[in-house]
Amino acid sequence: MSSSGSGPGKLRSLYEGGRTIRLSNLQRVVPFLADVSRGIQQETGYSNYLHAFVTPPGRQGLLHHWDQQMAVIVQIAGIKRWQLWRPMSPSPKREYQESFRVWDPGFIPRWEAMGPDLEVALRPGQSLLLPRGWVHNPDALDSEVRSIHLTFAIRERTPVWVAEKLVGRVIEKDSFRRVILPGDIGGHRLSQQVRDVGQTLVEHVAGLDVDDFAQSLYRAALSEKEHTT
């Protein structure tokens, strides 16, 4: 279990009680890590954010779960074991098949009965690339030394991102900003609205300067900062 937003005294008490402490979004406050984060985005076009996890010796933070973005795990101190299972759903997103939204209490007994597809014990200086959607169950193996690791959460660009940008551009057209009257929200009239907007959207996309739009996408990929708490 992790905790955030607490004072030093409470954090120490939680840690001594066996809780994992998460230090969130370190790219905002540590200049060196801000440089690393920017470097990742400049090289890949993927926005990213960085958390640190401090787990007491021989204890565990989060149990089995999967994440909606790729992660690079860097072990700093201690040894952390990662039990890994193949994705239940390919390429989940925050809005699609995120673990807590589709959680079933039977997941963990099923995974434990099958056993992990892969098990890795990370030592200081080692790293692990954790693809999006892979189920993971990390725990600190060393009973004498606390585990500290960094997680670089890397938000890969997808066709959904391109589609969102395509749709986002339509706000520049007057026809997409007009008011839909209350009487047109419902039944046959709303179905007609959907048909009309869909046709206008097709025409909008067909009329785009693709190369110009691609350049704007590239600039966005290198500059947009998306993160989570």
Side-chain angles (χ1 to χ4, degrees), residues 4 24-25 27-28 37-38 40-51 62 64-71 85-108 110-111 130-136 151-229:
S4 61
S24 300
N25 290 302
Q27 79 285 353
R28 297 179 180 176
S37 177
R38 279 192 296 271
I40 292 171
Q41 186 162 4
Q42 289 297 310
E43 184 171 338
T44 64
Y46 296 163
S47 65
N48 59 90
Y49 53 92
L50 170 63
H51 297 336
L62 293 172
H64 311 60
H65 67 286
W66 67 84
D67 295 322
Q68 66 277 0
Q69 67 276 313
M70 177 174 68
W85 288 260
R86 297 181 187 281
M88 294 186 60
S89 177
S91 303
K93 296 281 287 179
R94 181 163 296 157
E95 304 82 5
Y96 177 78
Q97 298 293 317
E98 189 174 13
S99 59
F100 83 90
R101 298 179 191 274
V102 297
W103 190 257
D104 184 311
F107 284 166
I108 292 180
R110 193 181 317 157
W111 291 324
L130 185 60
R132 177 163 47 121
W134 274 69
V135 177
H136 46 285
T151 294
F152 291 84
I154 300 176
R155 302 195 66 182
E156 302 151 294
R157 306 299 182 184
T158 66
V160 169
W161 173 71
V162 177
E164 289 170 345
K165 295 299 184 186
L166 282 169
V167 172
R169 181 70 71 88
V170 303
I171 199 170
E172 299 171 4
K173 291 184 172 291
D174 296 348
S175 59
F176 283 93
R177 300 195 309 273
R178 65 176 177 78
V179 174
I180 298 176
L181 297 175
D184 291 335
I185 299 178
H188 172 73
R189 291 185 177 181
L190 187 56
S191 296
Q192 187 59 48
Q193 289 287 336
V194 173
R195 281 190 288 269
D196 291 346
V197 171
Q199 181 59 40
T200 308
L201 182 60
V202 169
E203 294 169 359
H204 162 73
V205 172
L208 277 178
D209 182 325
V210 173
D211 292 335
D212 178 70
F213 181 72
Q215 285 299 312
S216 73
L217 272 184
Y218 180 67
R219 290 192 294 271
L222 298 185
S223 62
E224 287 184 341
K225 305 297 182 185
E226 300 170 278
H227 59 268
T228 184
T229 56

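The figures here come from the full heavy-atom set of this structure, side chains too, leaving out hydrogens, waters and symmetry mates.
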Listed partners of S99 passing side chain to side chain donor-acceptor pair (under 3.5 Å), at least two apart: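 For S99 there are no side chain to side chain donor-acceptor pair (under 3.5 Å) partners, ignoring immediate neighbours.
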
Test side-chain contact (heavy atoms from CB on, under 4.5 Å) on M70 and L130 and set out the steps. CA-CA 6 Å; M70 177 174 68; L130 185 60; over 6 Å; no

Considering residues at least two apart in sequence or located in another chain, which fulfil the salt bridge (Lys or Arg N to Asp or Glu O under 4.0 Å) criterion with R101?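 By the salt bridge (Lys or Arg N to Asp or Glu O under 4.0 Å) rule, R101 matches E98.
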
Donor-acceptor under 3.5 Å (D67 side chain, Q69 main chain):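 No, the answer is negative, given that no donor and acceptor are paired below the 3.5 Å cut-off.
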
Would you say that Y46 contacts E156 through its side chain, given a criterion of any heavy-atom pair below 4.5 Å between the two side chains?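 They are in contact (side-chain heavy atoms under 4.5 Å apart), so the answer is yes.
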
Pairs involving residues 166-179, ordered by first then second residue, that meet salt bridge (charged side-chain N to carboxylate O under 4.0 Å, His left out) (sequence neighbours left out):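 Passing the test, one end in residues 166-179: R169-E172, D174-R177.
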
Smallest separation among heavy atoms of T158 and R132, with atom names: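 Closest heavy-atom pair between T158 and R132: CG2-NH2, 4.0 Å.
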
Identify, with sequence neighbours excluded, every residue that meets side chain to side chain contact (heavy atoms under 4.5 Å, CB included) alongside S89.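 Partners of S89 by the side chain to side chain contact (heavy atoms under 4.5 Å, CB included) criterion, ordered by chain and then number, come out as Y96, Q97.
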
Describe, in one word, how the ring planes of W103 and F107 are oriented to each other, choosing from parallel (under 30°), tilted (30 to 60°) and perpendicular (over 60°).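 Perpendicular: the ring planes of W103 and F107 meet at over 60°.
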
Which atom pair, heavy atoms only, marks the closest approach of W134 to W85?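 Residues W134 and W85, closest heavy atoms: CE3-O, 3.2 Å.
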
State, with a plain yes or no, whether a side-chain heavy atom of F176 is found less than 4.5 Å away from one of V167.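 Side-chain contact under 4.5 Å: no.
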
Separation of M88 CE from R110 CZ (nearest 0.5 Å):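 The distance works out to 5.5 Å.
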
Under the side chain to side chain contact (heavy atoms under 4.5 Å, CB included) rule, collect the residues that match up with L166, sequence neighbours excluded.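 With neighbours one apart ignored, the set is V162, L208, F213.
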
Closest contact, heavy atoms only, I40 versus T44: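 I40 and T44 have their closest heavy atoms at O-OG1, 2.7 Å.
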
When the ring planes of H64 and W111 are compared, do they come out parallel, tilted or perpendicular, using 30° and 60° as the limits?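 Parallel: the ring planes of H64 and W111 meet at under 30°.
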
Apply ring pair (Phe, Tyr, Trp, His ring centres under 6.0 Å) to H136 and list each qualifying residue two or more places apart in sequence or on a separate chain.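 Partners of H136 by the ring pair (Phe, Tyr, Trp, His ring centres under 6.0 Å) criterion, ordered by chain and then number, come out as H65, W82.
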
So which heavy atom on L222 is nearest to which on Q42, and how close?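 Heavy atoms of L222 and Q42 come nearest at O-NE2, 3.4 Å.
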
For R155 and E224, what are the C-alpha separation, side-chain angles and deciding distance, and is it a salt bridge (Lys or Arg N to Asp or Glu O under 4.0 Å)? CA-CA 11 Å; R155 302 195 66 182; E224 287 184 341; over 6 Å; no

Among pairs that include at least one residue of residues 189-207, which meet salt bridge (charged side-chain N to carboxylate O under 4.0 Å, His left out), considering only residues two or more places apart or in two chains?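 The answer is D184-R189.
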
Please enumerate all residues that pass salt bridge (Lys or Arg N to Asp or Glu O under 4.0 Å) together with E164, with sequence neighbours excluded.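 With sequence neighbours excluded, E164 shows a salt bridge (Lys or Arg N to Asp or Glu O under 4.0 Å) to no residue whatsoever.
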
State the CZ-CD distance between R38 and E43, to the nearest 0.5 angstrom.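 Separation between the atoms: 15.0 Å.
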
Looking at Y218, I want to see if its OH is surrounded by more than 12 non-hydrogen atoms of other residues, nucleotides or ligands under 6.0 Å.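 For Y218, atom OH is not crowded (no more than 12 foreign heavy atoms under 6.0 Å).
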
For Q41, all residues meeting side chain to side chain contact (heavy atoms under 4.5 Å, CB included), sequence neighbours excluded: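 Q41: side chain to side chain contact (heavy atoms under 4.5 Å, CB included) contacts with S47, N48, R157, K225.
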
Supply the atom-to-atom distance L50 CG to T151 OG1, rounded to the nearest 0.5 angstrom.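 The OG1 atom of T151 is 8.0 Å from CG of L50, to the nearest 0.5 Å.
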
Take atom CD1 in I185; do more than 12 heavy atoms of anything else shown fall under 6.0 Å from it?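 Yes, enclosed.
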
Residue pair L217 / W161: nearest heavy atoms and the distance that separates them: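 Looks like O-CH2, 3.5 Å.
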
Assess the residue pair Q27 and N25 against the criterion (side-chain contact (heavy atoms from CB on, under 4.5 Å)); give the C-alpha distance rounded to whole Å, side-chain angles, the decisive distance to 0.1 Å, and a yes or no. CA-CA 5 Å; Q27 79 285 353; N25 290 302; 3.2 Å; yes

